[in-house]
Amino acid sequence: MQTQHKKHDSKGGFHGIEADAKVLKITGWLTGVYFVIELILGFYSQSVSVISDAFHTFSAVGGILIAFIASKIARKSATKQATFGYKRAEILGALLNGIFLLFMAFYVLYMGYQRLGQNFELPTGIMLIAAFGGLITEVISFKLIYNKQKGNLNMQGAFWHIMQTFVGSILIIISAIVIYFTGWTKIDPILGMLFGLVLLWASYKIIKDVLDILMQTTPKNIDIDDIKKTILNIKGVKSMTHPHAWVLTSEKNIFSAHIQVSDFSKAEEILKQASQLLKEKYQFYFSTLQIEKAHQASTADEEMY
């Protein structure tokens with residue numbers, strides 16, 4: 001006997017995906033328009049710093065676009081060929097964004113290293129105009145996307161691209177002030193390289209989380225032993241075998257197991273209790289439980305937890 005339980009909520013359901021797509025669309029347009037403005041300012045002033053930040057902004061547009069496309073694909077309905085739908089498109093989008101961030105981190109570190117050995121001048125006035133304009137755009141984008149990125153890897157990828165441009169704007173302001181008062185231009189590549197290390201950490205975290213999901217590891221907030229103990233406390237349950245918990249996509253965890261019972265006439269009641277516990281106590285999006293009188297041995301027994 002098996003049961004499947006599916007949970008839709010405002011965060012993980014289709015309404016949430018549509019809201020995410022709308023947020024990504026707005027932030028993408030805001031960032032894209034500012035990229036054009038900043039690039040014009042950069043070439044007008046011949047400021048390498050501003051041109052560089054403009055390309056950082058362009059990378060954010062690319063990151064948001066990846067997240068937007070992934071979010072749109074994730075809205076597709078389930079089919080016979082894709083019985084869970086295309087929700088994992090968000091995870092693939094997060095992976096692409098993580099790799100994108102990784103390359104940007106190496107680029108920033110390389111560019112900063114190259115400029116440490118060079119003498120150059122930076123027009124502080126244009127730098128400040130570009131930076132403050134960027135801050136306005138980025139603060140609006142932050143307000144839109146901050147709550148959406150909590151627990152959603154796809155949105156986190158877009159968030160970190162916006163964070164990249166935001167910190168870039170702050171670094172330009174700090175650099176401009178230091179250069180204006182001291183003339184020490186090396187502050188620009190030094191601060192840029194420090195931020196490159198932050199990007200490196202962010203990309204590592206996103207890629208690691210994505211790979212954990214693709215490898216179907218147990219969700220971070222799930223304790224299999226605790227679940228097993230909870231199920232075994234249900235009256236009539238003798239044992240539980242083959243417990244598996246994994247992540248379908250952000251905020252959507254799945255569970256399956258075989259439950260052995262002493263009295264098969266109580267199977268329906270036990271099934272109902274177990275399913276309710278998995279839903280309410282552990283917030284599983286979907287669960288499949290097989291009720292049986294005795295464990296059916298298989299070749300997988302030696303390989304499974």
| task | Rounded to the nearest 0.5 Å, what's the gap from OG1 on T241 to CD on Q260? Could you check? | result | 4.0 Å

| request: Treating Ile, Leu, Val, Met, Phe, Trp and Tyr as nodes and any side-chain heavy-atom pair under 4.5 angstrom as an edge, say whether V178 and F181 lie in one connected cluster. | output: yes

| field | M163 and V198, any side-chain heavy atoms less than 4.5 Å apart | value | no

| said: Determine whether a donor-acceptor pair (N or O, by modelled atom type, separation under 3.5 Å) exists between the side chain of Q216 and the backbone of I213. | reply: no

| query | So do the side chains of H258 and M240 get within less than 4.5 Å of each other, counting heavy atoms only? | reply | no

| said: If you apply the rule side-chain contact (heavy atoms from CB on, under 4.5 Å), what do you find for V139 with K143, and how did you get there? | reply: CA-CA 6 Å; V139 166; K143 188 174 180 181; 5.7 Å; no

| message | Using a 3.5 Å distance criterion without hydrogens, assess whether the side chain of S275 forms a donor-acceptor pair with backbone atoms of K272. | response | no

| said: Could you tell me if the side chain of T31 sits less than 4.5 Å from the side chain of S141, heavy atoms only? | reply: yes

| said: With a 3.5 Å distance limit and no angle check, can you tell me whether Y34 reaches the backbone of G134 through a side-chain donor-acceptor pair? | reply: yes

| query | In Å, rounded to the nearest 0.5 Å, how long is the span from CG of L96 to CD1 of I69? | reply | 9.5 Å

| query | How about I179 and W184: do any of their side-chain heavy atoms sit closer than 4.5 Å? | reply | no

| query | Is I73 reachable from F100 through a run of hydrophobic residues whose side-chain heavy atoms are each under 4.5 Å from the next? | reply | no

| request: Check the hydrophobic clustering (I, L, V, M, F, W, Y; side-chain heavy atoms under 4.5 Å; chains of links allowed) and say if L101 and Y204 are grouped together. | output: no

| message | Checking S287 against K279: is there a side-chain donor and acceptor pair closer than 3.5 Å? | response | no

| query | What distance do D263 atom CG and K293 atom NZ have between them, rounded to the nearest 0.5 Å? | reply | 7.0 Å

| said: Using side-chain heavy atoms (C-beta onward) and a distance below 4.5 Å, is E138 in contact with L135? | reply: yes

| request: Report yes if the side chains of T230 and L278 come closer than 4.5 Å at any heavy-atom pair, otherwise no. | output: no

| message | I need the full list of ring pair (Phe, Tyr, Trp, His ring centres under 6.0 Å) pairs touching residues 217-237, with sequence neighbours left out, sorted by first then second residue. | response | none

| From L24 atom CG to I145 atom CD1, the distance as rounded to the nearest 0.5 Å | 5.0 Å

| task | Look only at the side chain of T83 and the backbone of T79, and say whether a donor-acceptor pair between them is shorter than 3.5 Å. | result | no

| query | Are Y110 and L171 connected, step by step, through hydrophobic side chains (Ile, Leu, Val, Met, Phe, Trp, Tyr) whose heavy atoms are closer than 4.5 Å? | reply | no

| field | Stepwise side-chain contact (heavy atoms from CB on, under 4.5 Å) test for I234 and I231 | value | CA-CA 6 Å; I234 297 174; I231 299 297; 4.3 Å; yes

| query | So do I172 and L128 actually touch side chain to side chain, heavy atoms under 4.5 Å? | reply | no

| query | Do any N or O atoms from the side chain of T249 and from the backbone of K87 form a donor-acceptor pair under 3.5 angstrom? | reply | yes

| query | Is L92 reachable from I99 through a run of I, L, V, M, F, W or Y residues, each pair having side-chain heavy atoms under 4.5 Å apart? | reply | no

| query | Hey, mind stepping through K220 and D209 against salt bridge (charged side-chain N to carboxylate O under 4.0 Å, His left out) and telling me if it holds? | reply | CA-CA 10 Å; K220 293 178 181 178; D209 287 347; 2.7 Å; yes

| task | Determine yes or no for a side-chain-to-main-chain donor-acceptor pair under 3.5 angstrom, with S203 supplying the side chain and L200 the backbone. | result | yes

| Would N253 and I222 count as a side-chain contact (heavy atoms from CB on, under 4.5 Å) if you check the C-alpha gap in whole Å, the side-chain angles of each, and the deciding distance to 0.1 Å? | CA-CA 9 Å; N253 297 338; I222 296 298; 4.1 Å; yes

| message | Under the criterion side-chain contact (heavy atoms from CB on, under 4.5 Å), I'd like the reasoning laid out for V33 against I37: C-alpha separation, chi angles, the key distance, then a yes or no. | response | CA-CA 7 Å; V33 168; I37 295 171; 4.2 Å; yes

| note | Hits for ring-ring contact (aromatic ring centres under 6.0 Å, His included) against Y86, two or more places apart or cross-chain, chain-then-number order -> none

| said: Taking atom NZ as the centre, does K238 end up with more than 12 heavy-atom neighbours from other residues, nucleotides or ligands that are less than 6.0 angstrom away? | reply: yes

| query | Taking the six-membered ring where the residue is Trp, are the ring centres of F286 and F84 under 6.0 Å apart? | reply | yes

| Measuring from T137:OG1 to F35:CZ, what's the distance to the nearest 0.5 Å? | 13.5 Å

| message | Within the 3.5 Å criterion, strictly below it, is a donor on Y282 or D226 matched to an acceptor on the partner's side chain? | response | yes

| task | With sequence neighbours excluded, tell me which residues meet ring-ring contact (aromatic ring centres under 6.0 Å, His included) with F142. | result | F159, F166

